[in-house]
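Data first, discussion second: the structure below is written as structure tokens.
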Amino acid sequence: MQYHFNEIEAKWQKYWADNQTFKAENNSEKPKYYVLDMFPYPSGAGLHVGHPLGYIASDIYARYKRHKGFNVLHPQGYDSFGLPAEQYAIQTGQHPALTTEENIKTYRRQLDQIGFSFDWSREVRTSDPEYYKWTQWIFIQLFESWYCKHSNRAFPISELEKVFASEGNAAVEAVCDDNVEVFSAKQWNAFSDVEKQEILLKYRLTYLAETEVNWCPALGTVLANDEIVNGVSERGGHPVIRKKMTQWSMRISAYAERLLQGLDTIDWTESLKESQRNWIGKSVGAEIEFRIQNSEFRISVFTTRPDTIFGVSFMTLAPEHELVLKITTPDQKAEVEAYIQATAKRSERDRMADVKTISGAFTGAYAEHPFTKKPIPIWIGDYVLAGYGTGAVMSVPCGDQRDYDFAKHFNIPIPNIFEGVDISEEAFSDKDNTVISNSDFLNGMNYKKATKRAIFELEQIGQGQGKTNYRLRDAVFSRQRYWGEPFPVYYVNGLPQMIDKAHLPIRLPEVEKYLPTETGEPPLGRADVWAWCTETNSVVANKKVNNTTVFPLELNTMPGWAGSSWYFFRYMDAQNNQEFASDEALKYWENVDLYIGGSEHATGHLLYSRFWVKFMKDRGFVQVEEPFKKLINQGMILGTSAFVYRLSYMFANPKEEESLGKQLLKKLDNIYISHSEFISKGDLEANKEYLKELKRKLAEIAGLSDASELENVIVVPLPIHVKVQYINASDELNIEGLKNDSEFGEDYQNAIFIGENGKIIEGENDVYKVGREVEKMSKSKYNVVNPDSICEQYGADSLRLYEMFLGPLEQAKPWNTAGITGVHGFLKKLWKLYHQGENGSFYVHSSTSLETLGESFKTLHKTIKKVEEDIEGFSFNTSVSTFMIAVNELTAQKCTSKQVLEPLLILLSPYAPHIAEELWSKLGHGESIATAPFPKFEEKYLVENTKNYPISFNGKMRFTLELPLDMSKEDIEKTVMAHEKTKDQLQGREPKKVIVVPGKIVNIVG
RNA sequence: GCUGAAGUGGUGGAAUUGGUAGACACGUUGGACUUAAAAUCCAAUGAACAUUAGUUCGUGCGGGUUCAAGUCCCGCCUUCAGUACCA
């Protein structure tokens, strides 16, 4: 009986689907466990072997938890709004909904063939109106909320209105815009409706604001910083400019402190938490106000070192700072303007990355020190960024290296305010060892005391106060795109109005083109039917807009992270059309127990989701404060690219090229040499012998009588990517395959390959070796390996095992298909183990005498222990080895016992579910193995009587000696010392010391 | 620059609290089976010397602690990832 994996896998995939084996119940006696993969975007290219890595890991864990008696929720769906589908639509005119549908089909087929235990009845798609209806609803809730700093949570905006009506806004501690003016209850009640709306907008958790964005005219959209490379768009390389736009923003900054504190309550990797901490960027210090001499203007700075206030010798403003042009003296005007212009050309990234170049300009103006009243020169410098803090720095060169470098460069004095510290070479920024001097009332104090005192004194004179600053900025929530959630918003007199929940979803309108309009409006500006009628409560034709009953709708759409910030709740109750999920479902499933995905989402998705969840909790929609309890990052799978080396020729003197003749060179045009040491070292010219031989060969090919004509030609091997599918496990090129390739075969039709042995390859015996290099897996590098072909050739179980076998989950690692034969061979051996009957028939029997099973039980329980520990510790690679060892041992033992082979299948089933199901059913089970209880480890089978002690001399192991485990230290020493090999080793020397660690080792010193 | 992670055979990687470095695979070499190939099975496989026993060197580099270091400590180098003049 052979192992027909294709049949077996198709059979069980069908069985699981037909029987809904992995459907999770929302009511269960069992404890719940929620395993989630990060939301995939269904790209047109389909899956490559790198994608399923995390899914396989989470699937193993989900299946394991089922064996452990948990009610497991393991859903999957699609983050199906996004730019690639839109780009494709722009190019081809195809509706993104259609291409998305197609791509999802491919994804689904590919996912199904790997045998994941997803509960597909809960599938969600962010682009489905039944889903984005609730995304729109959450947006409305954010609009209808404000954040109270006092209670440190969000409340309905209606409560704020009541407060305004009864006592005005003076006592309200809210997170709001900076420019809110104080009003009384009386004033509020006298405000017109429009005025009230305008004020409330400054308090709402989502609000309209003018934001500076990276505008790409060619793409007609705003780009994130990392979508811009070297000042042009990553996609297409179009120029990008800074532009102000009115856009929706999310007041995530209100949650900065809670987002920071929450990190301590969740089990994420330290590196991930660290990057969120950095992103939130909390710093405690003071805001200090400096007067400007001979001017009404004042400059606010934020500093973390108010204790160094007496060390200020200059101030630096960001070149974009609004006061710069207002305070610059006529003398300095030209210089300052030139500097501002130079800065504007540099991207923010550029300015930040370059720490070596020091530049700046003096404004000619002076600030006044709050205590000493001495003048402080005001400079501008591009190391200060307008977007951070207040865009101004009080520069303390003795305590900050950047200020120090700036001062040195421009010959600004560097007063020393630290006791007993030499600052002639560099600044002293060690807070812990600071003793302040030359600082009036701060003299002799340490950092902590001085900081407190400085803030106190600043408050006394009304020029500053303690302040906590966060780097986290409010998130822009508008996108000038078509393929995203439409806002449930229409405008009355330019003020946004929410559409009632009852009329959701507001569906994406049809447009004839997916580009921005000619006037620069977003693609929705092209829709003809995109206005809101307040009488019929429906979307109507634009031409009906009268601004009394019919109003224009919002033209922007929501960003990609809108739908992905709450999808994990939808899976709990995906079909619910009354609520985004029922209270019961939310209560039962709580939040995600295990989340597996890439670390690239550290400061995007993973931060926004936490924000929305906290908001939803404040408003009582969910019970949990955090979305993901435990999070694991899977490492990237890299590709192993293959190269052939095409010879190209260079001439020291162009005349030589002429004299040699184009005809002749053409004959030498399509020659490839095999990979060798010289090539990997990139040093063909240095290997005279090889080169001489090669040129002789070239002369032969070109039909020259001898190689002398080629003497001065410089031969350069050019590496060219070839498709990895034509390379075998030994890095040998399938030349015939390459020549018949539908895409590139033509190029190689007349190619000459020079093999490893230096001969021209003609027959089948000669071998051409390719060079290999590890690179990111990508279509353009021809190193993409598709899971489809692997499943076809080796089966899904082999793919699953091999992906795990490659190495630790979190680590980046190269893919090399060659190694898969190892795990595939293992599965065949496993199959054989259950087919030891006549002619390879299935044979497993119940052993009556358990004594004969001693060794097999030992193997089994050793395996149970290791596999259980491995899964709990997410060390999936090591359990694959453990399975191999177990099968090797049981095969050697000729084990056919059901008592051993049955539990073994359960251990294996999370990793290789298809073969496990098949053998399980052959054992006579009528039901799926999916919920069979995980075998219990019993220590008693592993108890040993003896230990093979390593006997080392001066720490080096020389031989081993089998001794009883209950032997005393003294007896062990005696036995070892009496041993002949010990005497051999010592050669008559007297050992100084003998270390005996019972159960571990013996070490003889001397 | 800073932060984090990692450097182990030809390759992917194992190695418990410091206790036999290289498990398990791939690849390579030799052999068995076969008309042949595939598949399968067996053996060898860190390096050098000795080719029998064995010896020496080996976990990025240099030190240290220890009876014993891949593992702990100090200093450095390299690679990868993230990130910023956060004042």
Side-chain angles (χ1 to χ4, degrees), chain A residues 2 269-275 277-283 285 301-305 308 316 318 348-349 351-356 358 381-385 387-396 399-403 405-406 429 469-472 599-600 602-603 633 635-636 638 640 729-731 772 774 801-802 805-808 810-823 825-826 828-829 832 869 875 877-885 888 948-960 984 991-997 999-1006:
Chain A
Q2 268 206 326
T269 58
E270 225 13 77
S271 58
L272 198 68
K273 289 197 206 178
E274 199 54 34
S275 47
R277 280 191 198 108
N278 289 339
W279 194 263
I280 296 164
K282 180 180 184 176
S283 41
V301 302
F302 175 77
T303 176
T304 52
R305 297 293 305 271
T308 63
T316 318
E348 208 168 82
R349 283 241 157 141
R351 282 165 63 180
M352 293 186 284
D354 183 10
V355 276
K356 282 171 198 136
I358 296 163
D382 67 2
Y383 77 98
V384 179
L385 298 179
Y388 294 120
T390 59
V393 181
M394 66 170 214
S395 302
V396 183
D400 183 289
Q401 194 57 45
R402 293 173 312 252
D403 295 344
D405 294 339
F406 193 89
S429 55
N469 211 36
Y470 297 93
R471 188 206 136 182
L472 187 67
S599 55
E600 68 272 19
T603 49
N633 290 128
M636 202 190 303
L638 305 163
T640 312
S730 312
D731 295 344
R772 309 224 70 169
V774 172
L801 281 172
Y802 187 55
F805 189 63
L806 278 179
E810 285 110 297
Q811 220 165 279
K813 50 214 167 258
W815 177 271
N816 188 353
T817 306
I820 202 170
T821 54
V823 291
F826 155 73
K828 283 195 207 162
K829 272 191 225 166
K832 252 186 171 166
E869 283 170 2
S875 172
N877 56 324
T878 47
S879 30
V880 179
S881 312
T882 304
F883 289 130
M884 290 175 171
I885 293 167
N888 288 347
N948 200 19
Y949 277 93
I951 313 297
S952 33
F953 293 79
N954 297 319
K956 276 176 199 154
M957 204 278 287
R958 292 304 180 199
F959 60 95
T960 58
D984 275 1
K992 285 190 198 124
K993 210 172 177 186
V994 179
I995 311 270
V996 178
V997 185
K1000 285 254 160 90
I1001 200 170
V1002 177
N1003 191 14
I1004 298 161
V1005 189

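Below, chains carry the letters A, B, ... as their sequence lines are ordered, and counting in each starts from 1. Quantities reported herein were computed from a predicted structural model and do not represent experimental measurements.
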Measure OH/A/Tyr383 against C1'/B/rA87 and give the value in whole Å, please.
8 Å
For B/rG10, does the glycosidic angle fall within 90° of 0 (syn) or outside that (anti)?
anti
Does OP1 or OP2 of B/rA25 have a side-chain N or O of A/Asn888 closer than 4.0 Å?
yes
Using the P atoms only, state how far B/rC41 lies from B/rU78, rounded to an integer number of Å.
47 Å
Please give me the minimum heavy-atom distance between A/Trp815 and A/Leu806, naming the atom from each residue.
CE3-CD1, 3.6 Å
Taking side chain to side chain contact (heavy atoms under 4.5 Å, CB included) as the test, write out the residues that go with A/Gln811, two or more places apart.
A/Pro808
Any donor-acceptor pair under 3.5 Å linking the side-chain atoms of A/Thr878 with those of A/Ser881?
no
Given atom NZ of A/Lys992 and atom C1' of B/rU66, what is their separation to the nearest angstrom?
15 Å
Could you check which nucleotide pairs with B/rU78 in any of the strands shown, counting Watson-Crick or G-U wobble with both distances under 3.5 Å?
B/rA6
Using the C1' atoms only, state how far B/rA21 lies from B/rG13, rounded to an integer number of Å.
13 Å
5'-most contact on RNA chain B (nearest-nucleotide basis), A/Phe302 vs A/Asn954, goes to A/Asn954
How far, in whole Å, is B/rU35 from B/rG27 if one measures between their P atoms?
26 Å
Nearest 0.5 angstrom please: A/Phe805 CZ to A/Asn877 CG, how far?
8.5 Å
Distance check, C1' atoms only: B/rU71 and B/rU8, in whole angstrom units.
12 Å
By nearest atom, which of the nucleotides B/rC24, B/rA84, B/rA87 is closest to the A/Arg471 side chain?
B/rA84
If you compare every side-chain N and O of A/Arg958 against the phosphate oxygens of B/rG54 (OP1, OP2), does one of them come in below 4.0 Å?
no
Gap between atoms CH2 and C1', on A/Trp279 and B/rC86 respectively (whole Å)
12 Å
For a quick check, with a 4.0 angstrom heavy-atom cut-off, what is the B/S/- contact string for nucleotides 12-21 of chain B, read 5' to 3'?
BSS--B-BB-
P atoms of B/rG70 and B/rG9, separation to the nearest Å:
14 Å
Looking only at atom P, what distance separates B/rA81 and B/rA44, rounded to whole Å?
41 Å
Whole angstrom value for the distance that separates C1' of B/rG4 from CD of A/Glu810
14 Å
Minimal heavy-atom distance between A/Thr308 and A/Met394, with the atoms involved, is OG1-CE, 3.9 Å
Atom CZ of A/Phe953 and atom C1' of B/rU56 are separated, to the nearest Å, by 18 Å
Please tell me if A/Ser283 has a side-chain N or O lying less than 4.0 Å from either OP1 or OP2 of B/rA87.
yes
Can A/Thr304 and A/Ser283 be counted as having a side-chain donor-acceptor contact under 3.5 angstrom?
no
A/Tyr470 OH to B/rC86 C1', in whole Å, measures 13 Å
Say you pick atom P in B/rA15 and the same atom in B/rG60; how far apart are they, in whole Å?
16 Å
Across every strand shown, the nucleotide meeting Watson-Crick or G-U wobble geometry with B/rU11 (both distances under 3.5 Å) is B/rA25
Any chance you could measure A/Tyr949, atom OH, to A/Ile1001, atom CD1, to the nearest 0.5 Å?
11.0 Å
Return the nucleotide paired to B/rA32: Watson-Crick means purine N1 to pyrimidine N3 with N6-O4 or O6-N4, wobble means G-U with N1-O2 and O6-N3, both under 3.5 Å.
B/rU40
Donor-acceptor side-chain pairing of A/Lys282 and A/Asn469 below 3.5 angstrom:
no
Does B/rU71 pair with anything, Watson-Crick or G-U wobble, both distances under 3.5 Å, and if so, with which nucleotide?
none
B/rU17 versus B/rC72 - spacing of their P atoms, nearest Å:
11 Å
For A/Met957 against A/Pro950, the heavy-atom pair lying closest together
CG-CB, 3.7 Å
For residues A/Asp403 and A/Tyr383, is any side-chain donor paired with an opposing acceptor at under 3.5 Å?
yes
Might you list the N or O atoms of the protein lying below 3.5 Å from N or O atoms in nucleotides 38-42 of chain B, with each pair's distance?
{"residue": "B/rA39", "atom": "O3'", "partner": "A/Lys828", "partner atom": "NZ", "Å": "3.4"}
{"residue": "B/rU40", "atom": "OP1", "partner": "A/Lys828", "partner atom": "NZ", "Å": "3.4"}

On a heavy-atom basis, which atom in A/Ala812 and which in A/Leu638 lie closest, and how many Å separate them?
CB-CD1, 4.5 Å
Check the phosphate of B/rA87 against A/Thr304, side-chain N and O only, distance under 4.0 Å to OP1 or OP2. Yes or no?
yes
Could you tell me which nucleotide pairs with B/rU55 by Watson-Crick or G-U wobble geometry, both distances under 3.5 Å, or answer none if nothing does?
B/rA48
What is the minimum heavy-atom distance between A/Asn1003 and A/Ser952, and which atoms define it?
OD1-O, 3.2 Å
Protein-nucleotide distance (A/Glu274, atom CD; B/rG4, atom C1'), rounded to Å:
8 Å
Just N and O in the side chain of A/Arg277: are any of them under 4.0 Å from OP1 or OP2 of B/rG82?
no
G-U wobble or Watson-Crick pairing nucleotide for B/rU83 (cut-off 3.5 Å, both distances):
B/rG1
Rounded distance in Å - CG (A/Asn633) to P (B/rA6):
14 Å
